[in-house]
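Below: the structure, in structure tokens.
In what follows, chains carry the letters A, B, and so on, assigned in the order in which the sequence lines appear, proteins first and then strands, with residues in each chain numbered from 1. Everything numeric here is computed off the predicted structure, so don't read it as measured data.
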Protein chains: 4
Amino acid sequence: MPSRPRSQAQDPDEAARAARAEWRSRQLLDAAARLMERDGFHGVSMQALAEEASVSVGLIYRYFGGKDDLLLAVIVDVLEAFATRVPSAVEEAGNDPVERIAAAFRAYCDVIDEHRHAAVLTYRESRTLGSEGRNKIKSMEIDTSEPLRAAIRDGASSGLLIAVDTELVAHDLLLMAHGWALKHWYLEQTLRFDDYVTKQTALVLNAIVEPQHRPHYRHLLATH
Amino acid sequence: MPSRPRSQAQDPDEAARAARAEWRSRQLLDAAARLMERDGFHGVSMQALAEEASVSVGLIYRYFGGKDDLLLAVIVDVLEAFATRVPSAVEEAGNDPVERIAAAFRAYCDVIDEHRHAAVLTYRESRTLGSEGRNKIKSMEIDTSEPLRAAIRDGASSGLLIAVDTELVAHDLLLMAHGWALKHWYLEQTLRFDDYVTKQTALVLNAIVEPQHRPHYRHLLATH
Amino acid sequence: MPSRPRSQAQDPDEAARAARAEWRSRQLLDAAARLMERDGFHGVSMQALAEEASVSVGLIYRYFGGKDDLLLAVIVDVLEAFATRVPSAVEEAGNDPVERIAAAFRAYCDVIDEHRHAAVLTYRESRTLGSEGRNKIKSMEIDTSEPLRAAIRDGASSGLLIAVDTELVAHDLLLMAHGWALKHWYLEQTLRFDDYVTKQTALVLNAIVEPQHRPHYRHLLATH
Amino acid sequence: MPSRPRSQAQDPDEAARAARAEWRSRQLLDAAARLMERDGFHGVSMQALAEEASVSVGLIYRYFGGKDDLLLAVIVDVLEAFATRVPSAVEEAGNDPVERIAAAFRAYCDVIDEHRHAAVLTYRESRTLGSEGRNKIKSMEIDTSEPLRAAIRDGASSGLLIAVDTELVAHDLLLMAHGWALKHWYLEQTLRFDDYVTKQTALVLNAIVEPQHRPHYRHLLATH
DNA sequence: TATGAATGAGGCTTCATTCAT
DNA sequence: GATGAATGAAGCCTCATTCAT
């Protein structure tokens, strides 16, 4: 509780300031994600960013350490959304491992669809970051995908799934989720977001659910 | 008879020149792919590129129009490898659609593993290209993946596969093939290349082959 | 009332900014003219220009689009001086066509002497400009010399001048005016600026004024 | 007589070689003048020059010391034409100073019209040359214009001309001659070369010939 | 003589970052 | 907090010149 020690008389002020800072950060993060997705990290200048966010160049440096830092923040922003949304989605799905896998996958896809601009940056611009940032991202990626891997492990050990390589299946699901953003220009020609998720879920579960349990997951295996 | 000698006497000269040019292009393309994969397109300076390839900066411009052009060439180089290798692999696989799918996927993976440096650039740096280059790549991607889609269509119409969305399955297979390069830093911890291909093949076929035909493809569905 | 204050309260700010910009432009234009006359357009690097103007390289690009643009601006600067000074000089000379011709010529020479550095650029570096810039200059040249041509036409139609080719005489006068800058290294050995103008005026008028009217223009025809 | 000592048996060889060298120089000089007039000295690369002259880059360096040297040679080429053609034209004009002035002017104009490409370079690119080359040109300019100045001085001392500043009139005539090349883009709209020379001759002579002698030079003073 | 592949210094330009206001 | 003018390092590219063949 680091906020308490601060004097109470200043709380209102501080709260207002914090709110303002929060608002500014969000404003900048969104502008950055939008522009970077369109033009790539290096295609966006700080001046362009300032204009897009309707602030001055100088102000950006009050909220972020620099351009690299901003990129990292944009990426972390998405990863934090994963960290928030995936576990709760898994929880809500109940105790069935297969349901949890499906829920996790859908949650991933939801976040990516909402942050389509920023999601691709993980793949595209990670080389831009220094090793420090890269390591942070790598470990966050691993952390945020843990619920998914746990569900797969549970499914396997409980006999609901055939013997599978947990890491590989998790990797595939994450790849498919990101695929929606990476190849959006192509996929959007034939699929709506919801169809993409439903079909991919069915495809993967069809591959890994024990045949004898499939009837039970008819609602996940059917695609229409 | 000045024209006769020309067609033969000068051929050696021209041939030698062409060979040298070919050699230089390859040298530069390889150096570019290597460096760009490590540091990203924007992280590589022409100076650094020249040093890596052991030539002078100026010489690069004799073979490529500029940095963008070089990036495009690197990417096209991989796509051309797809265009060469995938169809022949499919052909050699015989007439069975399932075998053809597996062969196509393996060929994709082979090329990507051989060009791991360059393969990721398609995903990472496509925004860097102008729309002209981007369109060229898009159409090459679609062209080179046609054999795969054809095999999937054949499999579906012949009843070997369950009803699937051809585009989506093709997209998934391509994504998985590229996944080996994109997440190589992570995957190599637990998998060798051959295992990756074998397991992914099994996973996908398990999802799409009609249950009654699975026994026939035991060699593709088993992972060890 | 946010709009009212703006129109007045912010004027000072805007005015100050505009004044600063004006000052910078002049500073750069002068430095550019000075250097380019000495070393030629291509002999002047942006680095050298920045040093001469005591600013950083980058700042030049805030005020001018690039090196070409700067050259164009320098040239246009002289042409604008013509456009301002020649007509008023002609006006002040009264209604006599011959007086107006003499006044126009002197005004041309004055401007060229004041911008001796820049004046030669019109002749020397026009090929450097793109066709767009070249056309702009051509049309400004024609526009700014119109008062002179008009005076010549008036003189001819009123019988004060012998029959002359208006275009040619105008061309000659402009050439002579620029000659002071073009061959300054040679002319300054024997002539002061004022003598140059006086003598050239006498020479030309002697060639074109109707003999019977010459006595009336004794003050222009005598050279000492 | 440095050519004699050389063995006589080799003379044919040497002659052939010299002829070839002469031909090459001419070929290069012409190509250079052509290109430089169109694109300016700095707008022409040695590669472009080689192509225009249908030789290799390397060969240019066998005939000229470098690019600057070539520019100097192009300019000197024109000045040498002046040195050759003007005196003989003056000679042929007889002893009358006025006729000699007119002949000199026409000779100047002829050479300039024939070398229109190169003639402008004297004005445009002289700053490009080092001081050595510039001095050479300056002194050649002064030398080649001496016949003109001599004729003017003669005319003045013999009473055929009114009192004039010899240097200035010579300067004007040279300027007018070059004017044909400098403003060719504009003048060609209304004048043919011959008209230009005739009219300018008439204009200048009208300004400097003693009125009482004018009838005698009716053929030079009339413009049609 | 003649070629043209190769070099590399130097130029123009961009843009992340700073700092006085 | 906020601005934006100013900085200057670093990048891409050109092109005069050389030299092995």
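- Within the structure, salt bridge (Lys or Arg N to Asp or Glu O under 4.0 Å) pairs that include any residue of residues 38-66 of chain A comprise Arg34(A)-Glu52(A) (at least two apart or interchain).
- If you take CG on Asp68(B) and CD on Glu132(B), they are separated by 11.0 Å, rounding to the nearest 0.5 Å.
- Between Tyr63(C) and dA5(F) there is no side-chain polar atom (N or O) within less than 4.0 angstrom of OP1 or OP2.
- Side-chain contact between Leu49(C) and Leu28(C): absent, with no pair of heavy atoms (C-beta onward) separated by less than 4.5 Å.
- The main-chain N or O of Ala118(C) is never found under 3.5 Å from a side-chain atom of Glu37(C) such that the two would form a donor-acceptor pair.
- In DNA chain F, consecutive stretches of 3 or more Watson-Crick or G-U wobble pairs with both distances under 3.5 Å are given as paired ranges: E:2-21 with F:2-21.
- Of the residues in residues 122-135 of chain C, not one places a heavy atom less than 4.0 Å from an atom of DNA chain F.
- The OG atom of Ser56(D) sits 10.5 Å away from atom CD of Gln47(D), with the distance rounded to the nearest 0.5 Å.
- Looking at Leu71(A) and Met36(A), their side chains come closer than 4.5 Å, going by heavy atoms from C-beta outward.
- Using a 4.5 Å heavy-atom threshold, the side chains of Arg124(A) and Glu125(B) count as separate.
- Distances were taken from every side-chain heavy atom of Arg17(C) (C-beta onward) to each of dA6(F), dG8(E), dA5(F); the shortest belongs to dA5(F).
- Within residues 64-73 of chain D, the residues having any heavy atom closer than 4.0 Å to DNA chain F are, in order of number, Gly66(D), Lys67(D).
- In this structure, the side chain of Lys67(B) does not engage the main chain of Ser45(B) through any donor-acceptor pair within 3.5 Å.
- At distances below 3.5 Å, not a single donor-acceptor pair connects side-chain atoms of Asp77(A) with backbone N or O atoms of Ala73(A).
- Taking the side chain as every heavy atom from C-beta outward, Leu35(C) and His117(C) never approach each other to under 4.5 Å.
- Between Arg62(B) and dA5(E), a side-chain N or O to OP1/OP2 separation shorter than 4.0 Å is present.
- Taken residue by residue, residues 23-52 of chain B places heavy atoms nearer than 4.0 Å to DNA chain F at Val44(B), Ser45(B), Met46(B).
- Taken from CE in Met46(D) to CZ in Phe64(D), the straight-line distance is 9.5 Å, to the nearest 0.5 Å.
- Set against dT7(E), dT3(F), dT18(F), the side chain of Tyr61(D) has dT18(F) as its closest nucleotide.
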Hey, what are the protein-to-nucleotides 19-21 of chain F N/O distances that come in under 3.5 Å?
none

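- Annotation: the span from Arg26(C) atom CZ to Tyr63(C) atom OH amounts to 14.0 Å, rounded to 0.5 Å.
- Contact annotation: the side chain of Lys136(D) approaches that of Val76(D) to within less than 4.5 Å [non-hydrogen atoms, C-beta and beyond].
- Between the side chain of Arg127(C) and the backbone N or O of Gly40(D) there is no donor-acceptor pair closer than 3.5 Å.
- Taken from CD1 in Ile75(B) to OG1 in Thr122(B), the straight-line distance is 5.0 Å, to the nearest 0.5 Å.
- Between the CZ atom of Arg20(B) and the P atom of dT3(E) there is a distance of 18 Å, rounded to whole Å.
- Expressed to the nearest 0.5 Å, how far CG of Leu29(D) lies from CZ of Arg24(D) amounts to 14.0 Å.
- For Ser56(A), counting side-chain heavy atoms from C-beta on, the closest listed nucleotide (dA2(E), dT13(E), dA2(F)) is dA2(F).
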